[in-house]
Number of protein chains: 2
Amino acid sequence: MDNISQSIGGPPDGAEATGTVLDEFVSYGLRRASNAVQSDLARALRDIDLRLVTMSVLVVIAENPGLRQSQLSDILSIERPNLVSILDELESRSLMSRTRVPTDRRAYALSVTEEGQALADRALEVTREHEERVFGGLDAATRRLLRTAILQVRFAAGG
Amino acid sequence: MDNISQSIGGPPDGAEATGTVLDEFVSYGLRRASNAVQSDLARALRDIDLRLVTMSVLVVIAENPGLRQSQLSDILSIERPNLVSILDELESRSLMSRTRVPTDRRAYALSVTEEGQALADRALEVTREHEERVFGGLDAATRRLLRTAILQVRFAAGG
DNA sequence: TATTGTTATACTCTATAACTATA
DNA sequence: TATAGTTATAGAGTATAACAATA
């Protein structure tokens with residue numbers, strides 16, 4: 001209930017964020033950081049009329065022409081029903097198209113249009129700028145360690 | 001478009017996660033990790049009938065008796081309107097109460113009940129177990145570095 | 001005038017059950 | 001019978017405008 005004991009000894013390893021017990025938890029800091037980072041990226045993508053989801057979907061289709069919706073769903077962990085409106089949006093903007101697969105008429109092969117490819121490229125640029133803005137302050141070693149730690153954590157949490 | 005270059009030289013620093021360009025971005029890994037971690041914590045808290053928000057609100061009130069709603073809103077970055085139903089829920093479960101402040105009759109002083117204090121303590125235990133489960137695999141140095149990096153990033157992203 | 005808590009509302013993201021058409 | 005895509009729907013989480021009571 002008092003935090004005198006921890007605050008003695010000068011600035012610790014950046015312990016204060018909200019000034020509550022919650023600062024003790026990596027989990028809580030991770031959530032706040034992730035929200036802030038996502039907001040920054042979302043803001044940047046708004047300039048090219050993309051959301052986080054539409055960006056990742058467009059980019060993954062551009063990278064894997066012929067992909068099925070169910071595969072896309074697995075890769076990005078987006079539930080199949082939720083993918084439908086996302087693809088509808090991209091398709092109505094002429095950024096990608098669904099083509100019937102002759103060998104399996106239940107499925108669609110997804111592919112980007114020229115316009116979609118151009119926007120995907122632009123989206124990657126925007127995202128790289130964002131990464132530099134947000135993670136550029138970390139030195140290379142820390143950045144590498146962050147990537148590794150994040151993957152380990154993601155695995156440990158079953159994601 | 002090919003990732004042969006990176007994959008030569010044995011297991012790199014855990015580069016593969018979705019197998020797409022998105023793996024290049026710390027931002028994306030951070031989001032996926034944060035989601036997985038939050039899911040794990042949410043699952044654990046469900047056993048004591050708390051959500052992530054209700055947990056953090058309860059814990060912060062327990063730590064700061066007499067807190068105003070607007071202060072709580074600032075600390076947890078929850079919009080004041082969204083706080084109302086959260087507090088209604090906790091109050092209806094007799095975990096906390098709103099008391100009129102005599103010196104400023106617009107405001108409420110928030111405080112936990114005995115029952116609320118007990119649940120807050122239990123919630124901290126549950127959260128510590130979760131932290132151990134999810135971040136226990138990281139050595140102490142990495143864990144410390146992760147906390148620091150997260151704070152830096154949160155600051156850089158304006159969170 | 002400004003602030004505290006509130007109401008109403010809306011938008012995004014996510015999750016599930018059930019349908020259709022194919023396999 | 002199982003799978004691919006779809007529809008409908010519901011629940012969180014989050015954000016904003018506007019109001020009443022009080023400062």
Side-chain angles (χ1 to χ4, degrees), chain A residues 28 31-32 34-43 45-46 49-57 61 66-92 96-111 158-159, chain B residues 28 31-32 34-43 45-46 49-57 61 66-92 96-111 158-159:
Chain A
Y28 186 73
R31 172 149 62 110
R32 299 289 300 255
S34 174
N35 286 345
V37 169
Q38 279 185 65
S39 294
D40 183 275
L41 180 53
R43 208 175 307 121
L45 289 172
R46 208 166 295 137
D49 267 298
L50 287 176
R51 288 173 297 147
L52 287 169
V53 262
T54 50
M55 183 276 271
S56 26
V57 163
I61 297 174
L67 203 67
R68 316 294 176 79
Q69 292 184 201
S70 58
Q71 295 174 313
L72 184 54
S73 160
D74 288 342
I75 290 172
L76 294 177
S77 296
I78 298 176
E79 295 300 321
R80 263 146 355 241
N82 296 331
L83 213 47
V84 177
S85 64
I86 295 168
L87 293 175
D88 286 349
E89 181 190 332
L90 291 174
E91 200 170 24
S92 76
M96 54 129 306
S97 63
R98 293 183 249 223
T99 320
R100 279 271 177 225
V101 177
T103 57
D104 185 347
R105 292 185 36 74
R106 293 171 303 181
Y108 286 115
L110 307 177
S111 60
Chain B
Y28 186 72
R31 174 150 61 110
R32 299 288 302 253
S34 175
N35 286 345
V37 168
Q38 279 186 65
S39 294
D40 183 276
L41 180 52
R43 209 175 307 121
L45 289 172
R46 208 167 293 137
D49 267 298
L50 287 176
R51 289 173 295 148
L52 288 169
V53 261
T54 50
M55 182 278 270
S56 25
V57 163
I61 297 174
L67 203 67
R68 315 295 175 80
Q69 291 184 203
S70 57
Q71 295 174 313
L72 184 55
S73 161
D74 288 342
I75 291 171
L76 294 177
S77 295
I78 299 174
E79 295 301 321
R80 268 154 341 250
N82 297 331
L83 212 47
V84 176
S85 64
I86 295 167
L87 293 176
D88 285 349
E89 180 191 331
L90 291 174
E91 199 169 27
S92 77
M96 54 128 309
S97 61
R98 292 184 249 223
T99 320
R100 279 272 177 225
V101 177
T103 57
D104 184 345
R105 290 186 37 75
R106 293 171 304 180
Y108 286 115
L110 307 176
S111 60

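Below, read A as the first sequence line, B as the second, and so on, with proteins coming before strands; counting in each chain starts at 1.
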- Message: Please report the distance, rounded to the nearest Å, between CD1 in Ile86(A) and C1' in dT14(C).
- Response: 10 Å
- Task: Side chain of Glu79(A) only, please: which of dT7(D), dA15(C), dT14(D) is the nearest?
- Result: dA15(C)
- May I ask you to evaluate whether Arg100(B) reaches the phosphate of dA21(D), defined as a side-chain N or O under 4.0 Å from OP1 or OP2? no
- For Arg80(A) and dA17(C), give me the distance from atom CZ to atom C1', rounded to whole Å. 13 Å
- Tell me: CD of Gln38(B) to C1' of dC13(C), nearest whole Å? 12 Å
- Any Arg98(B) side-chain nitrogen or oxygen under 4.0 Å from OP1 or OP2 of dT6(C): yes
- Task: Kindly say if Gln69(B) contacts the phosphate of dT6(C), meaning a side-chain N or O under 4.0 Å from OP1 or OP2.
- Result: yes
- Please state how far atom CG in Leu52(A) lies from atom P in dT14(D), giving the value in whole angstrom units. 14 Å
- Item | Separation of dA12(D) P from Leu50(B) CG (nearest whole Å) | 14 Å
- Message: Donor-acceptor pair, distance only, cut-off 3.5 Å: does the side chain of Ser111(B) make one with the backbone of Gly66(B)?
- Response: no
- How close or far is atom C1' of dA15(D) from atom CZ of Arg43(A), stated in whole angstroms? 14 Å
- Item | Nearest-nucleotide comparison on DNA chain D, the residue closer to the 5′ end among Asn35(A) and Leu87(A) | Leu87(A)
- Message: Minimum heavy-atom separation for Ala109(B) and Val101(B), please, with both atom names.
- Response: N-CG2, 3.6 Å
- Task: For Tyr108(A) and dT22(C), give me the distance from atom OH to atom C1', rounded to whole Å.
- Result: 12 Å
- cation_pi(Arg100(B), Tyr108(B)) dist<6.0 Å, angle<=45: yes
- Item | Of Leu83(A) and Arg31(A), the one whose closest DNA chain D nucleotide lies more 5' | Leu83(A)
- Between Glu89(A) and Ser85(A): side-chain donor-acceptor atoms closer than 3.5 Å: no
- Item | Options dG5(C), dT16(D), dT14(D), nucleotide nearest the side-chain atoms of Pro81(B) | dT16(D)
- Message: Taking atom types as they are modelled, would you say the side chain of Arg105(A) forms a donor-acceptor pair with the base of dT22(C) within the 3.5 Å cutoff?
- Response: no
- Among dA23(D), dT14(D), dC13(C), the nucleotide that comes nearest once only the side chain of Asn82(B) is considered: dT14(D)
- Message: With a cut-off of less than 4.0 Å, is there a side-chain N or O of Arg51(B) near OP1 or OP2 of dG11(D)?
- Response: no
- Note on the structure: Assign each of Val53(A) and Pro102(A) the nucleotide of DNA chain C bearing its closest heavy atom; nearer the 5' end lies the nucleotide of Val53(A)
- Do we see a donor-acceptor contact under 3.5 Å between the side chains of Ser77(B) and Arg32(A)? yes
- Verify, without hydrogens or angle tests, whether Glu91(A) (side chain) and Arg98(A) (backbone) share a donor-acceptor contact under 3.5 angstrom. yes
- Note on the structure: Arg68(B) atom CZ is separated from dT6(C) atom C1', nearest whole Å, by 17 Å
- Choosing from dG5(C), dA21(D), dT16(C), which nucleotide comes nearest the side chain of Arg106(B)? dA21(D)
- Message: Please tell me if Ser70(B) has a side-chain N or O lying less than 4.0 Å from either OP1 or OP2 of dT3(C).
- Response: no
